[in-house]
Amino acid sequence: MVKLFYGFFIKMKMVKDDKLKTSALSNGEQMFSNNIMPKSFDDTLQKSYFENMEAYESWLKDKEKYEFMRKMMAEALYKAFLKD
């Protein structure tokens, strides 16, 4: 449950990114998920890590968990941006 909360927290930060939103609207989901979203996800995760090191440390140390969260976030953001 805590992990889902932090995933939601990251999403809320990223959904406010106008540049990321523009990229989602002007590219297909595959392009957004594989080429655009990863850098933004990394940057946001790293900034958030310093705000709450213990919670995010588990994401950064576990590649499987990291990949799952990144893919889930890309899908959720892409859909959220298309709704606006």
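In this structure, Met72 and Lys11 have side chains that are not in contact, with every pair of non-hydrogen atoms separated by 4.5 Å or more. The shortest side-chain heavy-atom distance between Leu77 and Phe41 does not fall under the 4.5 Å cut-off. No side-chain heavy atom of Glu75 sits under 4.5 Å from any side-chain heavy atom of Ser33.
Relative orientation of the Phe32 and Tyr78 rings is tilted, given thresholds of 30° and 60° on the angle between their planes.
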Taking it one step at a time, do Asp43 and Lys39 satisfy salt bridge (Lys or Arg N to Asp or Glu O under 4.0 Å)? CA-CA 6 Å; Asp43 292 346; Lys39 175 152 179 26; 2.9 Å; yes
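Atom CZ of Arg70 and atom OG of Ser40 lie 11.5 Å apart (nearest 0.5 Å). Residue Phe68 holds its CZ atom at 10.5 Å from NZ of Lys71, rounded to the nearest 0.5 Å. The line from CD of Glu67 to NZ of Lys63 is 5.5 Å long, rounded to the nearest 0.5 Å. Thr44 contributes atom OG1, which lies 7.5 Å from atom NZ of Lys13 (distance to the nearest 0.5 angstrom). In this structure, the separation between CG on Leu45 and CE on Met73 is 8.5 Å, given to the nearest 0.5 Å. Summarising the geometry, atom CG belonging to Asn27 is positioned 14.0 Å from atom CE belonging to Met37; distances are rounded to the nearest 0.5 Å.
When every heavy atom of Ser23 is checked against every heavy atom of Ile36, the shortest pair comes out as CB-CG2, 3.6 Å.
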